[in-house]
Asks: 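Okay, here's the structure, questions in a sec.
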Amino acid sequence: GQESQALREEIAAFTDWLANHHPPWAAYRAIMACRLVALDKCPGVRPVGIGESFRRLMAKCIVLVAGHSATIACGSSNLCAGLS
């Protein structure tokens, strides 16, 4: 609906701003902030960061759009850029 469209547009605008401009450090801190929760995995405990879903979404979108350009720009000097 309209709310989903508005959310997509806001996330796209925020991602573009972070990737292509020079935002203040507080913007990076805000997107990196998350709350750690411990999940009981029997045996052991698994830490989970709540709040990273938007960060992962933005990273996947940037790699989808700019990943090929990064692979070409890095050539063989950076083997982690766009591994296939």
Side-chain angles (χ1 to χ4, degrees):
Q2 290 179 332
E3 292 84 5
S4 295
Q5 179 67 28
L7 179 63
R8 285 192 301 270
E9 289 173 1
E10 288 299 320
I11 291 177
F14 188 67
T15 303
D16 179 63
W17 182 63
L18 283 176
N20 297 316
H21 298 88
H22 298 287
W25 180 244
Y28 292 110
R29 286 186 52 201
I31 196 64
M32 296 300 287
C34 66
R35 182 184 346 177
L36 291 177
V37 176
L39 295 179
D40 186 12
K41 294 301 282 184
C42 296
V45 177
R46 179 176 180 200
V48 174
I50 297 175
E52 63 184 26
S53 58
F54 285 126
R55 185 172 65 228
R56 292 178 63 201
L57 174 66
M58 288 188 283
K60 287 181 182 185
C61 290
I62 289 172
V63 167
L64 182 68
V65 171
H68 184 68
S69 299
T71 303
I72 291 171
C74 293
S76 62
S77 62
N78 187 351
L79 298 177
C80 293
L83 288 176
S84 49

Asks: Look at atom CZ of Phe54 and say whether more than 12 heavy atoms of other residues, nucleotides or ligands are closer to it than 6.0 Å.
Replies: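 12 or below, so no.
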Asks: Following the transitive rule for hydrophobic clusters with a side-chain heavy-atom cut-off under 4.5 Å over Ile, Leu, Val, Met, Phe, Trp and Tyr, establish whether Leu18 and Trp25 coincide in one cluster.
Replies: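 Same hydrophobic cluster.
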Asks: Return the CD to OG distance between Glu9 and Ser4, rounded to the nearest 0.5 Å.
Replies: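 So the gap between those two atoms works out to 11.0 Å.
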Asks: So which atom in Ile31 and which in Arg55 form the shortest heavy-atom distance, rounded to 0.1 Å?
Replies: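 Residues Ile31 and Arg55, closest heavy atoms: O-NH1, 3.5 Å.
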Asks: Identify the heavy atoms of Asp16 and His21 that sit nearest to each other, and give their distance.
Replies: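 Looking at all heavy atoms of both residues, the shortest contact is O-ND1, 3.7 Å.
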Asks: Minimum heavy-atom separation for Pro47 and Val45, please, with both atom names.
Replies: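 In this case the closest contact between Pro47 and Val45 is CD-O, 3.8 Å.
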Asks: Hey, any chance Met58 and Val63 share a hydrophobic cluster, counting ILVMFWY side chains that come within less than 4.5 Å of each other, even indirectly?
Replies: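 Looking at the clustering, Val63 is in a separate group from Met58.
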Asks: In this structure, would Leu57 and Leu7 fall into the same cluster of hydrophobic residues linked by side-chain contacts under 4.5 Å?
Replies: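 Yes, one cluster joins them.
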Asks: Within a reach of under 6.0 Å around CD of Gln5, are more than 12 heavy atoms found that belong to other residues, nucleotides or ligands?
Replies: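 Counting other residues, nucleotides and ligands, CD of Gln5 exceeds 12 neighbours.
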